[in-house]
There are 2 protein chains.
Amino acid sequence: MAVTMRDVANAAGVSPMTVSNVLRDVPTVDEELRARVLRAVDELGYELSLTARQLRSGRSGLVTVIGLDINDPYFSALASSLAAGFASEGIHCVIEQSRFNPGGERGALTGAHLKRFDGVVLSSVGLSYEQMDSLDVNLPLVIMGEHEAPPRFDHIMMANIDGSRQAVEHLLASGCRRVMMLGGSETTTTHGMAEARTAGWRQAHSEAGLVADEALVIPTPHYTPTEARTLVAEHLRVDRSIDGIFAVADAIAIGALAGARDVHREVPTELQVVGFDNLAIDTLLNPALSSVDPGMDWMSQMAVRLLRDRIASHGAEHESEHLVSPARLVVRESSGRSEA
Amino acid sequence: MAVTMRDVANAAGVSPMTVSNVLRDVPTVDEELRARVLRAVDELGYELSLTARQLRSGRSGLVTVIGLDINDPYFSALASSLAAGFASEGIHCVIEQSRFNPGGERGALTGAHLKRFDGVVLSSVGLSYEQMDSLDVNLPLVIMGEHEAPPRFDHIMMANIDGSRQAVEHLLASGCRRVMMLGGSETTTTHGMAEARTAGWRQAHSEAGLVADEALVIPTPHYTPTEARTLVAEHLRVDRSIDGIFAVADAIAIGALAGARDVHREVPTELQVVGFDNLAIDTLLNPALSSVDPGMDWMSQMAVRLLRDRIASHGAEHESEHLVSPARLVVRESSGRSEA
DNA sequence: TTGAAAGCGCTAACAA
DNA sequence: TTGTTAGCGCTTTCAA
């Protein structure tokens with residue numbers, strides 16, 4: 001019923017192979033035949049079956065970017081940046097959520113589903129080390145993440161500890177003495193993002209000759225702004241000594257700013273706040289949010305290159321690469337009161 | 001090289017057809033054979049080729065959601081909502097950007113690419129009527145959009161004019177007399193989103209017995225917060241009579257809040273601001289942003305049902321559906337000063 | 001209830 | 001430079 005390559009071939013008076021060669025820009029095709037083929041394509045309204053091409057050639061020309069939740073501003077910024085990078089390499093990419101689509105039956109992380117693509121970029125947020133380790137995919141896979149991943153995978157991460165250290169060092173230098181570690185984790189066993197950033201918080205304290213009060217580590221189980229808002233308001237009400245907040249993510253920091261407002265603590269005069277991610281919205285907030293810039297553009301550029309090369313070398317053996325993007329603190333209105 | 005259905009069939013001592021039946025949950029398979037097949041699948045680590053299945057059956061089990069830019073907070077909220085809806089129907093969906101991937105050669109909107117999917121949800125933002133009209137796809141397609149779309153497509157839109165009218169009516173009732181129409185459009189010929197929302201602005205004025213000053217319609221060519229911020233600051237500096245801003249989208253309104261701050265205009269006492277979209281972040285802003293709620297969850301629910309039914313009825317003829325979601329104003333801190 | 005044959009639409013490999 | 005042959009891995013159809 002649909003027009004096939006054979007129909008085009010018949011209309012143009014050539015073999016299907018020649019049509020295929022024209023459509024794949026194989027350079028050895030005679031100019032006149034090429035013209036005849038393209039005319040027939042046009043007249044018949046032919047559209048290539050990419051499914052059939054993929055079955056035969058093993059290539060889909062498609063890459064997928066998988067993250068927990070597209071509505072998370074960090075992931076949507078990352079996905080957008082990756083999409084721009086892939087587009088400039090002529091690679092088409094789609095974006096998927098692992099939320100609602102876990103490894104289960106028809107999920108985004110199953111081998112059967114992933115085989116539709118030539119490569120995968122996986123944001124590790126929300127995935128445990130074990131979940132990643134159990135992935136048994138046979139295609140190029142780059143993990144982008146805030147925390148440790150199994151060493152056999154290519155992995156691009158940010159300087160969690162150093163970035164956090166910079167942020168808290170800045171808060172301490174700006175006069176804070178009681179800095180809440182919002183979204184932090186007290187456990188030091190695993191290598192998650194929250195743990196690493198909490199380690200930076202501790203490190204900054206000890207480098208300043210201060211003792212970090214572990215009671216100031218406040219986990220945010222769901223990592224939502226609303227949850228952070230409530231938690232911050234509660235803690236600020238009870239403990240008026242808190243004079244700084246370092247949040248593990250800007251989404252959390254934005255909630256913290258709202259929570260501080262709820263209990264009438266003025267930022268930055270009474271309370272200083274620093275986040276992590278350097279989202280575009282930070283400059284628009286009132287007060288503008290100080291944040292650690294994780295170097296997202298650099299990371300997505302690296303991810304695109306790495307995946308492009310892995311795909312091009314078609315499964316050749318390789319050492320896995322592990323890159324770390326340097327972090328850089330950006331001070332805005334929410335912190336940096338200069339007096340002590 | 002990869003394990004195929006035939007390998008599984010051989011290992012289980014059955015025909016490939018039986019393996020296929022087991023994997024598709026065809027109920028007429030003997031329990032013992034089913035068990036043998038599943039054991040063989042497990043032992044061999046077999047993974048179905050969804051590509052081959054699609055080539056043969058014509059179904060991919062996949063739907064795509066296409067929007068201009070995932071980094072836009074409205075689209076990412078919409079996509080997330082749609083993904084949740086599709087997941088609850090057992091349909092897997094991917095998300096694509098039309099930005100960087102236009103109709104060109106290998107774009108997201110080409111027929112060849114779209115044929116990979118069983119259905120499409122297309123956000124019309126950033127697409128002209130003509131671009132949509134030139135789409136010649138043969139699969140279920142639902143357009144979700146703020147503006148008019150060709151009548152042959154199923155279309156779910158929001159009550160642009162009424163929502164805007166409510167917003168501006170509220171501003172006028174709250175004492176505003178010079179309400180900037182930010183992101184509006186002076187042309188009344190086309191049926192775009194900006195035009196419809198500007199029409200609501202005019203309507204509210206005439207219903208209040210006032211004359212809308214067309215000089216207060218300020219277009220934002222790129223629809224970015226930063227651009228809006230600059231424009232608002234410039235206009236407020238020049239024209240101190242402006243006492244209200246209605247922005248066509250919350251992203252724009254957020255920029256407007258920042259711009260007002262840049263020129264030290266206090267919201268809501270000196271200037272009231274209302275946006276459109278009711279994004280989750282609105283409640284976290286300082287001041288919290290009043291906004292028109294377009295009923296996104298309702299719209300995405302409708303889109304999911306409609307597409308699911310279109311897919312199930314496999315190309316049967318149908319009247320196209322056109323649904324409009326009612327809009328509802330949510331007043332927060334940025335507007336609603338009660339004195340006149 | 002299970003299996004054999006055929007072919008979805010394309011391209012790799014080879015032959016002309 | 002073009003064409004022929006074969007088959008990617010599955011499911012539709014029909015026979016057993």
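Just so it is clear, the structure is predicted and the values come from calculations on it, not from any experiment. Here is how names work: the chains are called A, B, and so on, in the same order as the sequence lines, proteins then strands, and each is numbered from 1.
Axis angle across the helix from C:dT1-D:dA16 to C:dA16-D:dT1, with five pairs used at each end and values rounded to 10°: 30°.
Looking only at distances, no side-chain donor or acceptor of A:His92 sits under 3.5 Å from a matching main-chain atom of A:Phe86. One N or O on the side chain of A:His322 and one on the backbone of A:Pro151 form a donor-acceptor pair closer than 3.5 Å. Side chain of B:Gln54 to backbone of B:Arg116: a donor-acceptor contact under 3.5 angstrom is found. A donor-acceptor contact shorter than 3.5 Å is absent between the side chain of A:Glu96 and the backbone of A:Ile66.
For the residue pair B:Ser80 / A:Asp69, a side-chain donor-acceptor distance below 3.5 Å is found, with atom types taken as modelled. Side-chain contact check for A:Ser81 and A:Ser300: at least one donor-acceptor pair (N or O, by modelled atom type) lies under 3.5 Å.
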- B/S/- along nucleotides 10-16 of chain C (protein heavy atoms under 4.0 Å) is BBBB---
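Rounded to an integer number of Å, the gap from CG of B:Asn10 to P of C:dG3 is 11 Å. Counting to the nearest Å, the P atom of D:dT2 and the CD atom of A:Glu31 are 10 Å from each other. D:dT1 atom P lies 12 Å from atom CZ of A:Arg34, rounded to whole Å.
A:Arg152 CZ: more than 12 foreign heavy atoms inside a 6.0 Å radius.
Between B:Thr18 and C:dG3 there is a side-chain N or O to OP1 or OP2 distance below 4.0 Å.
Residues A:Met302 and A:Val142 are not in side-chain contact: their nearest non-hydrogen atoms beyond the backbone lie 4.5 Å or more apart.
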